[in-house]
Number of protein chains: 2
Amino acid sequence: MPPSSIPEIVIGRLPLYLRTLSRMAAAGKEYTSSHELGQYLGISSAQIRKDLSHFGEFGKQGTGYNIAYLSGQLKRILKLESVWDVALIGVGDLGRAIAHYQGFIDRGFRVAAVYDTDPDKIGMKIGDLAIEDFSKMETDIQKRNIRVAMLAVPFSEAQNVTDILLKAGIKAILSYAPISIKVPSDVHVEYIDPVLHLQKMTFFLDK
Amino acid sequence: MPPSSIPEIVIGRLPLYLRTLSRMAAAGKEYTSSHELGQYLGISSAQIRKDLSHFGEFGKQGTGYNIAYLSGQLKRILKLESVWDVALIGVGDLGRAIAHYQGFIDRGFRVAAVYDTDPDKIGMKIGDLAIEDFSKMETDIQKRNIRVAMLAVPFSEAQNVTDILLKAGIKAILSYAPISIKVPSDVHVEYIDPVLHLQKMTFFLDK
DNA sequence: TAGATTGTTAATCGATTAACAATC
DNA sequence: TAGATTGTTAATCGATTAACAATC
C-alpha cells in the first residue's frame with residue numbers, strides 16, 4: 001500500500017494520537033479504547049478506528065488498544081524509530097527558543113546544526129551547538145545528509161534561504177516565516193504562523 | 001447571517017487571504033484576481049470566490065479585486081479594525097520570543113501583559129512590559145477586560161492555568177503546550193505544536 | 001467591442017459517521 | 001457467558017470544483 005493512497009488529513013492526526021498515547025503511558029495506563037481517545041481529543045471513535053485501519057489492525061475486540069504497542073506501531077508508521085537530525089536556520093529570539101526547546105528529542109527530532117548570517121553570532125554557543133556560518137550551510141547539510149529543516153528567518157529571506165536548502169537536499173521544511181514558499185512537489189512544507197490562529201479566533205469574539 | 005452558519009474551515013482561510021493581500025499591497029500592487037491569489041496560495045480560484053461569497057460581493061467582473069478594499073473588508077469581518085490586547089502566560093525561552101516578536105501589532109494584536117510564577121522573573125522587564133505575578137493574573141485580566149491569551153507554560157501547568165484564564169473571562173486561547181486543554185464550548189482554543197508538523201512530514205520521507 | 005473575471009449553481013469528490021457482525 | 005470494543009461497510013454529510021451567465 002503506497003503512502004500516497006492514504007489521505008493526508010489522516011496522516012496529520014496520527015501524531016496527535018501518538019502524543020495522547022504517550023501522555024496516557026506516562027500516567028501509567030496500559031490500555032485505551034477508540035472511545036476514550038476520541039473523548040480526550042474531541043474526535044469520534046469511528047474516525048480513530050477508521051484512521052488506524054488504513055495501516056493495519058492494532059486493537060482487540062472487548063479490550064481496545066494496548067498503549068505501548070499502538071505507540072510503537074505509530075512510531076514505525078511515522079518513521080520515528082530513530083531520531084531525525086534537523087537544521088535550524090536563523091538565530092533571532094525565535095530561533096534561540098527553538099534551539100533551547102527540550103521537547104524535540106523524546107519525540108524523534110534533534111536540532112543538529114544552527115545557521116545564521118550575522119558575523120557577531122557565528123561561533124557563539126547555543127546549548128552545546130556552535131552557530132555556524134550560513135555560507136557553509138549548503139555543503140554542510142549535504143555532507144551530513146540532513147533532510148529536515150526549520151526556518152526562523154525574516155519573511156523577506158524565506159524564499160532565498162529555501163532555495164539554498166533545496167539545493168542542499170532538504171526534503172521537509174517547517175517554516176515560521178509568515179509567507180508561502182515555493183518548493184518542488186517532492187518537498188514537504190508545513191507552516192507555523194501564530195497570527196493566523198489569533199485572527200481566526202477573533203472572528204468569533206464580540207468586539 | 002449568523003457567524004455560525006459559515007464553515008469554520010472558511011474562516012480559517014480568511015487570515016491567509018489577508019496576509020497575502022498585505023504582501024501584494026506592500027509590493028505596490030493595486031488589483032488582484034481569485035486566480036492570482038489562488039496561484040500564490042496553491043488553492044483553486046473557485047474556492048477563493050466561494051469563500052468570499054459567504055460574506056458579500058467584493059470584486060468586479062473583468063478587473064478582479066481591489067487589494068486595499070478587500071483587505072479592509074477582511075479586517076472588518078475578522079474584527080481586526082482595532083488592536084486586541086493579549087495576555088501572555090509563561091516567560092521561558094518561548095514566552096520571551098513571543099513577547100519580543102514584532103509581527104503582532106501590524107496584524108491586530110498587542111502583548112499587553114505578561115505573567116510568570118517565578119519570583120526571580122517578576123518585575124523584570126521584557127521589552128517595555130514588566131513581568132507580573134501570576135497570582136494577580138485573574139483579577140488583572142478581568143479588570144482590563146482582556147479576552148485573548150497565549151499560553152507558553154509547561155504542559156503540566158497548561159490545564160491549571162487555563163482554568164484560571166477561564167475564570168478571568170478569557171474567550172480565546174492560543175496554546176503552545178503540547179496537550180489538549182478542556183474549555184467550555186464558548187471559548188476558542190488553537191494549538192501550536194511544532195513536533196506535530198515535523199512528525200507529519202517524516203511519514204513521507206525515506207528513512 | 002472583446003477579453004477577463006466575478007458570483008453562483010449544480011455536480012463531483014472526499015471525509016465523517018452510524019451501524020453492526022465478529023470476537024475478545 | 002455477557003459486556004465491551006474492534007474493523008469495516010454503507011449512508012450521510014460537507015467541502016471542493018467545474019461551468020457559465022452576468023457584466024465590468
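Model, not experiment: these values are computed from the prediction. A, B, ... follow the sequence lines: proteins, then strands. Residue 1 opens every chain. The figures here come from the full heavy-atom set of this structure, side chains too, leaving out hydrogens, waters and symmetry mates.
Taking the six-membered ring for Trp and thresholds of 30 and 60 degrees, B:Phe204 and A:His188 have nearly parallel ring planes, at less than 30 degrees apart.
Atoms CG (B:Asp51) and C1' (C:dG7) sit 13 Å apart, rounded to a whole Å. Between B:Glu57 atom CD and C:dG7 atom C1' the separation is 6 Å, expressed in whole Å. Atom CG in A:Asn66 sits roughly 15 Å away from atom C1' in D:dT5 (whole-Å rounding). As rounded to whole Å, 18 Å separates atom P of D:dA15 from atom CD of A:Glu8. With rounding to whole Å, B:His35 atom NE2 is found 16 Å from C:dG7 atom P. Rounded to an integer number of Å, the gap from NZ of A:Lys50 to C1' of C:dC20 is 15 Å. Rounded to a whole Å, the CD1 atom of B:Ile9 is 7 Å from the C1' atom of D:dA15. One atom, CG of A:Leu70, and another, P of D:dT6, lie 10 Å apart when rounded to the nearest Å.
Under 4.0 Å is where a charged nitrogen must lie from a carboxylate oxygen, and between A:Asp93 and B:Arg96 no such pair does.
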- In dot-bracket, 5' to 3', how would DNA chain C read with Watson-Crick or G-U wobble pairs under 3.5 Å, [ ] for crossing ones and | for pairs to another strand? ..||||||||||||||||||||||
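Taking only side-chain atoms of A:Pro7, from C-beta outward, the nucleotide of D:dT17, D:dT6, C:dA15 with the closest atom is C:dA15. Counting only heavy atoms from C-beta on, B:Gln61 has its side chain closest to D:dT23 among C:dA18, D:dA15, D:dT23.
The phosphate of D:dG7 (OP1 or OP2) has a side-chain N or O of A:Tyr65 nearer than 4.0 angstrom. The phosphate of D:dT5 has neither OP1 nor OP2 within less than 4.0 Å of any side-chain N or O from A:Thr63. OP1 or OP2 of D:dG7 has not a single side-chain nitrogen or oxygen of A:Arg49 nearer than 4.0 Å. The side chain of B:Tyr31 contributes no N or O atom lying less than 4.0 Å from OP1 or OP2 of C:dA4. At least one side-chain nitrogen or oxygen of A:Arg13 sits closer than 4.0 Å to the OP1 or OP2 atom of C:dT16. An OP1 or OP2 oxygen of C:dT17 is reached within less than 4.0 angstrom by a side-chain nitrogen or oxygen of A:Ser44.
The CG atom of A:Leu52 sits 10.0 Å away from the CZ atom of A:Arg13 when rounded to the nearest 0.5 Å. Taking NZ of A:Lys171 as the start and CZ of A:Arg147 as the end, the distance is 9.5 Å to the nearest 0.5 Å.
Counting non-hydrogen atoms of other residues, nucleotides and ligands closer than 6.0 Å to NZ of A:Lys60 gives a total of 12 or fewer.
With DNA chain C read from its 5' end, the first of the two nearest nucleotides for B:Leu52 and A:Ala46 is the one closest to B:Leu52. Both A:Lys60 and A:Ile43 lie near DNA chain C, and the one whose nearest nucleotide falls closer to the 5' end is A:Ile43.
Side chains of B:Pro15 and A:Val195 form no contact here, defined as non-hydrogen atoms less than 4.5 Å apart.
Just one residue in the list B:Val114, B:Ile173, B:Ile192, B:Ile98 forms a side chain to side chain contact (heavy atoms under 4.5 Å, CB included) with B:Met150, and that residue is B:Ile98.
With no hydrogens or angles considered, a side-chain donor-acceptor pair links A:Gln159 and A:Asp163 at under 3.5 Å.
As judged by a 4.0 angstrom heavy-atom cut-off over every strand, B:Ser45 is placed among residues making no nucleic acid contact.
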